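Report on one structure; see the data block that follows.
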Amino acid sequence: MSLRIYNTQTRNKEAFVPLEENKVKMYVCGPTVYDTSHIGHARSVVVFDVVFRWLRHSGYEVCYVRNFTDVDDKIINRANELGQDPKQISERYINEFHNEMDALNVLRPTIEPKATEHIQEIIDFIQRLIDKGKAYHVPGSDVFFSINSFDEYGKLSGRNPDDMVPGSRIAVDDKKRDPKDFTLWKPAKPGEPAWPSPWGDGRPGWHIECSAMSYKYLGESFDIHGGGKDLIFPHHENEIAQSEAAFGKTFVRYWIHNGFVDINNEKMSKSLGNFTMIKDVLKDYHPEVIRMFLLSKHYRSPIDYNDTSMDEVISGLDRLYAFVERAQDAGATVSGIAPGKEWASFEDAMDDDFNTARAMATLFDTVKTGNRILDQQGETVTPETLSTVSTLCADLKRMGGILGILSQEPQDYFRAKKESGLAGKDLDGDAIEILIQERVAARQSKNFARADEIRAELEAMNIVLEDGPDGTTWKIG
RNA sequence: GGCGGCUUGGCCAAGUGGUAAGGCGACGGCCUGCAAAGCCGUUAUUCUCCAGUUCGAAUCUGGAAGCCGCCUCCA
């Protein structure tokens, strides 16, 4: 089995064959840093983080580029609102973004270029387009890309340029030769960030930065380009036009687009006021719960964020960690263990267009198999059983390594869960221990009424007791 | 108006021609003083509806209904 990828452009799953053997060049559109990142950004970043991990695991040397759009109308507007410099704004949100993604256990891309640090490359790119007759400068105004100079315009989104009704959405700008032409370079208004150029002081349009930066780091033609579904048109369509017009080569071989995150079955929007920020979600849920949630459905489908779904994921992740803990307690080791057949199922799922939802099922199958084996054991675990359980546990951890979960020791995971669960309660771990000791004494003297009373008291505070062979433990229910 | 997507058990969700993965929940059992956790078992003769192709369809074709996204520098 080898990797197959659904290509937005062909609308088919295709066998993945990189341009250069054993190497993959991948570009993903990063955020425009004008505001706090929301759960939708998290999905895109986590999805492509898993793509990155899977490609690397598959033996490819991956050059993964994810940009920051740090010059943009929205950043300028925001800066004006706050009376700050645009650079302060973008730096602040880049920092925030990095902190949140680190918290979500997202690997840093190979390169994270910023538009403002590639102005010269952008200018050179625009000049090349002008020289080739693909773009034109309106004196005293913008440089525009000429749609009519690129006859494959629309091939990614499946739109026919002739069907695009001029002025239906955007006011017709009569400086353009064609209403569908888009800006490559726009003149700066007073007080706005600006760079000198052959067309006067100004700044780049949005689309051109991605073409210029992907060209610089990945070349004229590369393997994978990703982003959110909304970027298909016009952003990615325009990137294709720019890059293919400039170099006359296929720009990108595989286009990957992730679906949206809805909130309680509604689209996130300013008018609904339901923007759900990553930093707020991180306050409510363990980072691995968030990752597991984002990967629980196929990346191209919409996914709905709501409390019920999150609670289901918590139960599932607890279950996985509980098995790791149980296996380790039984003496299982994970280092240096060869992959087992559970891992093969996981690989099949991941190779099938990064089907994390299906891959997730193999984690639970692994746990089920392992628990069953351990349950059938008596007091002493035979070497054969231990070996089997070690393989299962190692497979599970290996899967977790791809999805970016199960990265903690189970003890730490459950301890952190207890601590966060106790936060805000007028009860601490010591107080619970005292109650447990009282209950142990009550049980020993067969005073089960008192024992149950204590248990009920704790249960009312969402603390659940478990009486095991080695005594009583508790957890947050 | 143009383009695209979705509709699977109580809920979430895989599954693109060969007879319905997985999770959560629920119920019964083992275990337990009773519970909890874990395990075992049960929980869709059926995949929005209609018609067609086929030996065979959730999967292909045509049609209907409902929902959703993009066409606004929103991931």
Side-chain angles (χ1 to χ4, degrees), chain A residues 8 11 13 28-32 34-35 37-48 69 72-74 154 157-160 162-165 168-171 182-183 205-207 209 226-235 237-238 257-262 265-270 275 292-293 296-298 300-304 306 308-309 311-320 322-323 326 345 349 352 355-365 367-368 370-376 443 446-449 451-452 455-456 459 464-469 472-475 477:
Chain A
T8 305
R11 300 198 176 109
K13 279 186 202 171
V28 175
C29 290
T32 300
Y34 72 105
D35 203 351
S37 298
H38 54 68
I39 185 79
H41 295 110
R43 184 180 196 191
S44 179
V45 171
V46 167
V47 161
F48 288 103
T69 297
D72 177 89
D73 285 340
K74 285 177 296 193
S157 56
R159 284 164 212 279
N160 180 346
D162 299 334
D163 291 340
M164 298 177 200
V165 184
S168 66
R169 287 288 192 169
I170 315 170
F182 57 89
T183 295
W206 177 36
H207 313 298
E209 63 172 86
K229 260 190 160 74
D230 54 327
L231 297 180
I232 295 171
F233 189 91
H235 185 54
E237 196 73 73
N238 290 353
H257 292 97
N258 66 275
F260 280 4
V261 180
D262 291 339
N265 281 315
E266 288 178 319
K267 184 183 168 165
M268 252 194 283
S269 73
K270 292 203 171 82
F275 265 82
M292 195 157 148
F293 163 70
S296 64
K297 202 167 166 181
H298 188 91
R300 274 185 275 118
S301 307
I303 190 169
D304 192 55
N306 57 68
T308 308
S309 295
D311 288 345
E312 287 180 4
V313 173
I314 291 171
S315 302
L317 186 60
D318 282 358
R319 180 136 186 257
L320 301 181
F323 171 72
R326 188 181 181 195
S345 302
D352 183 14
N355 193 333
T356 53
R358 209 175 99 203
M360 205 92 69
T362 67
L363 300 240
F364 288 101
D365 287 340
V367 166
K368 186 165 199 149
N371 272 325
R372 192 176 307 169
I373 290 167
L374 285 170
D375 253 40
Q376 284 163 357
R443 290 179 70 208
K446 306 281 184 203
N447 183 356
F448 295 121
D452 291 350
R455 188 168 62 197
E459 197 173 349
V464 180
L465 299 185
E466 292 178 12
D467 298 325
T472 300
T473 59
W474 63 275
K475 64 173 193 172

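Letters A, B, ... mirror the listed sequences (proteins, then strands); counts begin at 1. Only a predicted model underlies this, so the values are computations on that prediction, with no experimental measurement involved.
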Summary of protein contacts for nucleotides 33-41 of chain B, nucleotide by nucleotide, where a base hit scores B, a sugar-phosphate-only hit scores S (4.0 Å, heavy atoms): BBBBSSSS-

When you compare the side chain of A/Ile303 with that of A/Phe293, does any pair of heavy atoms fall below 4.5 Å?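 The answer is yes, as the side chains (C-beta and beyond) meet within the 4.5 Å cut-off.
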
Side chain to side chain contact (heavy atoms under 4.5 Å, CB included) assessment of A/Thr183 paired with A/Trp206: CA-CA 8 Å; A/Thr183 295; A/Trp206 177 36; over 6 Å; no

Rounded to the Å, how far apart are A/Tyr34 OH and B/rA75 C1'?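 Value for this atom pair: 11 Å.
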
How many angstroms lie between OG in A/Ser157 and NE2 in A/His235, if you round to the nearest 0.5 Å?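 One gets 13.5 Å once the value is rounded to the nearest 0.5 Å.
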
Calculate, to the nearest 0.5 Å, the distance between atoms OG1 and CZ belonging to A/Thr472 and A/Arg443 respectively.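 So the gap between those two atoms works out to 5.0 Å.
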
Selection from B/rG25, B/rA75, B/rC71 that lies nearest to any side-chain heavy atom of A/Arg159: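 Output: B/rC71.
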
Name the closest nucleotide to the A/Asp72 side chain, picking from B/rA75, B/rC70, B/rC73.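 Among the listed nucleotides, the one closest to the side chain of A/Asp72 is B/rC73.
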
Using the test side-chain hydrogen bond (donor to acceptor under 3.5 Å, both in side chains), find all partners of A/Thr362 that sit at least two apart in sequence or belong to another chain.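 Once residues adjacent in sequence are excluded, A/Thr362 has no partner under the side-chain hydrogen bond (donor to acceptor under 3.5 Å, both in side chains) criterion.
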
Residues forming a side-chain hydrogen bond (donor to acceptor under 3.5 Å, both in side chains) with A/Arg326, sequence neighbours excluded: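 Residues passing side-chain hydrogen bond (donor to acceptor under 3.5 Å, both in side chains) with A/Arg326: A/Asn371, A/Asp375.
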
Look for any protein N or O under 3.5 Å of an N or O in nucleotides 12-17 of chain B and output each such pair with its distance, or none.
{"residue": "B/rA13", "atom": "OP1", "partner": "A/Lys297", "partner atom": "NZ", "Å": "2.5"}
{"residue": "B/rA14", "atom": "OP1", "partner": "A/His298", "partner atom": "N", "Å": "2.7"}
{"residue": "B/rA14", "atom": "O3'", "partner": "A/Asn355", "partner atom": "ND2", "Å": "3.0"}
{"residue": "B/rG15", "atom": "OP1", "partner": "A/Asn355", "partner atom": "ND2", "Å": "2.7"}

Between B/rA58 and B/rG17 - P atom distance, rounded Å: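 One P to the other, the span is 13 Å.
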
Can you tell me, in whole Å, how much space there is between the P of B/rG9 and that of B/rA13?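 Between the two P atoms, the distance is 11 Å.
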
Distances under 3.5 Å between nitrogen or oxygen atoms of protein and nucleotides 65-67 of chain B:
none

Basic-acidic side-chain contact under 4.0 Å: A/Asp365, A/Lys368: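 No, A/Asp365 and A/Lys368 are not salt-bridged.
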
Salt-bridge test for A/Asp352 and A/Lys13: reply yes if a basic N is under 4.0 Å from a carboxylate O, no otherwise.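 The answer is yes: the pair qualifies as a salt bridge.
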
Please list, for nucleotides 58-61 of chain B, all pairs of protein and nucleotide N/O atoms separated by less than 3.5 Å.
none

